[in-house]
Amino acid sequence: MENTKGFYYLEDVIIEGFKSFSEATNMSFKPGIGVIIGNNGVGKSNILDAILWAFGEDDLLKLRCYNISELFFWGSRDHKPASKISVQLTFKEWNNPSSKPIQIKRSCDIDGTNSFSVDEKDIDRQNFCRFISKIGLGDVTKTIIRQDQINDIFYLNPHDRLEFIRQKYFNNNYNITEILEKSIPIFKNYVSTLVPKYNAEMHINNSIEIEISSSLTGTKKAHQLSGGEKAVVALAFKAALFKHLNSSIYFFDEVEPSLDYVNHKSLQLFLREISIQKQLIIITHLRATVELADTLHGVRTRMDGSTFMKFYFVMDKRLLRLYKCC
């Protein structure tokens, strides 16, 4: 890691009773890139939901729920329904091995009563959120990109796109025009890294107009791009915006765009560049992403449908040779 002193990374997660987790489940991460793999439907995305919830996220749609009861393990043949859920997160400072770990925890009873703690000391929600912001993670619930939402900004006209970005990622504490202008060179660099043959432009005038050009396809506006092109450009655009948010952690939930096999190396360069200063926690099926992992987590389901961690590796070349892409 470079230039990361004072930034915190997620070192440890303990989930209990949350969604598909019937038993206390622990997973550990290193600075850099943490990769989570497993078959479809085993509960991989529930891990990200649990982490976001622990940070204070209460928007049920962002947690992929319609009702708060859906946050609780439903019960099965082998396990009783959860009457309480809890998620505990432990952080450490990058490039400072002697730093003291910081621990936060959120719990909720079936009646909806929430409790928060920092280093095992109870704290009210307002001070909990202030503490999260103090350690550089105040916007962490915003720095997530999910597979089914990656292209959302390109289904809007340029004016609505600006308002969407303002409301979703920024507030009155930010100068949105200044942020967008600062994002332009980052965005252009990310696009050219992901697809070297593309050139990107962003025009800001009470709206956000994005254009992509290449010698093969000419110039296209964002809404004219193919599905795969939209995914590439949207990933670059959102990652450029994230640079200005108060978060040292990004979450990517199966967002790898529809790149040709020959472009997987470009995706690796993009992820490596981001991970120099940000921790990435990525759910994936793509071997090219697994190759980048500092930690690799395998998720499976029991016979009753509950989620458990099948394996955890600190990745190295020997283990990568043993890995078979799912």
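The chain is numbered in sequence order, starting from 1. Just the heavy atoms: all of them, side chains too, but no hydrogens, waters or symmetry mates, feed the values below.
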Got a salt bridge between Lys100 and Asp119, using NZ or NE/NH1/NH2 to carboxylate O under 4.0 Å? no
Let me check something: do Leu156 and Leu162 share a hydrophobic cluster, defined by ILVMFWY side-chain heavy atoms less than 4.5 Å apart, either directly or through other members? yes
Are Glu254 and Ile283 close enough, and set up right, to give a side chain to side chain contact (heavy atoms under 4.5 Å, CB included), and what steps lead you there? CA-CA 5 Å; Glu254 296 189 43; Ile283 294 174; 3.6 Å; yes
With the 4.5 Å side-chain cut-off for hydrophobic clustering, are Phe21 and Leu60 part of the same group? yes
Could you give me the CA-CA distance, side-chain angles and deciding distance for Ser183 and Ile179, then say whether side chain to side chain contact (heavy atoms under 4.5 Å, CB included) is met? CA-CA 6 Å; Ser183 297; Ile179 286 171; 4.0 Å; yes
Taking C-beta and beyond as the side chain, do Tyr174 and His244 meet within less than 4.5 Å on heavy atoms? no
Take the angle between the ring planes of Phe73 and His79 and call it parallel below 30°, perpendicular above 60°, tilted in between. perpendicular
Are any non-hydrogen side-chain atoms of Leu71 and Phe18 less than 4.5 angstrom apart? yes
Do Ile68 and Ile15 belong to the same hydrophobic cluster, where Ile, Leu, Val, Met, Phe, Trp and Tyr are linked whenever their side-chain heavy atoms lie under 4.5 Å apart, directly or via other members? yes
Is a side-chain donor or acceptor of Arg302 paired with a backbone partner of Thr307 at a separation under 3.5 angstrom? yes
Taking atom types as modelled, is there a side-chain donor on Asp139 or Thr141 under 3.5 Å from an acceptor on the other? no
Go through it in stages, so that I can follow the logic: the residues are Val13 and His297, the test is side chain to side chain contact (heavy atoms under 4.5 Å, CB included), and I'd like the CA-CA distance, side-chain angles, deciding distance and then a yes or no. CA-CA 12 Å; Val13 180; His297 305 74; over 6 Å; no
Hey, what do you get for CG (Asn189) to CG (Leu194), rounding to the nearest 0.5 Å? 9.5 Å
To the nearest 0.5 Å, tell me how far Leu241 CG sits from Ile176 CD1. 7.0 Å
Examine distances only and state if a side-chain atom of Asp124 and a backbone atom of Asn127 form a donor-acceptor pair shorter than 3.5 Å. yes
Can you name the closest pair of heavy atoms from Asn46 and Ser20 and give their distance? ND2-OG, 2.8 Å
Strictly below 4.0 Å, N to O, side chains only: are Lys238 and Asp152 in salt-bridge contact? yes
Step through the shown structure and confirm whether more than 12 heavy atoms of other residues, nucleotides or ligands are within 6.0 Å of NZ on Lys197. no
Within the supplied structure, the quantity of interest is the number of heavy atoms (other residues, nucleotides, ligands) at a distance under 6.0 Å from Lys220 NZ; does it exceed 12? yes
Near Lys105 NZ, under 6.0 Å, is it more than 12 heavy atoms from other residues, nucleotides or ligands? no
Is a side-chain N or O of Arg125 found less than 3.5 angstrom from the main chain of Gly56, in a donor-acceptor match? yes
Single-linkage hydrophobic cluster Ile14~Phe91, side-chain heavy atoms < 4.5 angstrom: no
Is the shortest heavy-atom distance from the side chain of Leu52 to the side chain of Lys62 under 4.5 Å? no
Would you indicate whether the side-chain heavy atoms of Leu296 and Phe311 approach each other to under 4.5 Å? yes
Parallel, tilted or perpendicular: ring planes of Phe242 versus Tyr250, cut at 30 and 60 degrees: perpendicular
Any side-chain donor-acceptor pair under 3.5 Å between Ser306 and Glu23? no
Is Ile210 close to Lys221 at the side-chain level, that is, under 4.5 Å between some pair of heavy atoms? no
Is the closest basic N to carboxylate O distance between Arg64 and Asp49 below 4.0 Å? yes
Tyr66 vs Leu61, test: side chain to side chain contact (heavy atoms under 4.5 Å, CB included). Steps then yes/no. CA-CA 6 Å; Tyr66 289 130; Leu61 291 180; 3.9 Å; yes
In this structure, CG of Leu245 is separated from CG of Leu137 (nearest 0.5 Å) by 12.0 Å
Do the rings of Phe128 and Phe116 sit parallel, tilted or perpendicular, given the 30° and 60° boundaries? tilted
Side-chain (Lys142) to main-chain (Tyr169) donor-acceptor, under 3.5 angstrom: yes
Inter-residue atom distance Ile37.CD1 - Thr289.OG1, 0.5 Å rounding: 11.5 Å
Connected via hydrophobic side-chain network under 4.5 Å: Ile276 and Leu269: no
Look at the side chain of Asn205 and the backbone N and O of Ser207, then say whether any donor-acceptor pair between them is shorter than 3.5 Å. no
Could you tell me if the side chain of Tyr190 sits less than 4.5 Å from the side chain of Ile274, heavy atoms only? yes
For a 4.5 angstrom cut-off between non-hydrogen side-chain atoms, does Trp53 reach Arg106? yes
Within the structure provided, determine whether Arg272 and Thr193 are in side-chain contact (heavy-atom separation under 4.5 Å). no
Please work out whether the ring planes of Phe154 and Phe237 are parallel, tilted or perpendicular, with thresholds of 30° and 60°. tilted
Kindly say whether Gly112 contributes a backbone atom to a donor-acceptor pair with the side chain of Asn114 at under 3.5 angstrom? yes
Roughly how far, to the nearest 0.5 Å, is the CD atom of Glu229 from the CD1 atom of Ile212? 8.5 Å
Is a donor on one side and an acceptor on the other found under 3.5 Å between the side chain of Gln279 and the backbone of Leu10? yes
Supply the atom-to-atom distance Glu11 CD to Lys92 NZ, rounded to the nearest 0.5 angstrom. 5.5 Å
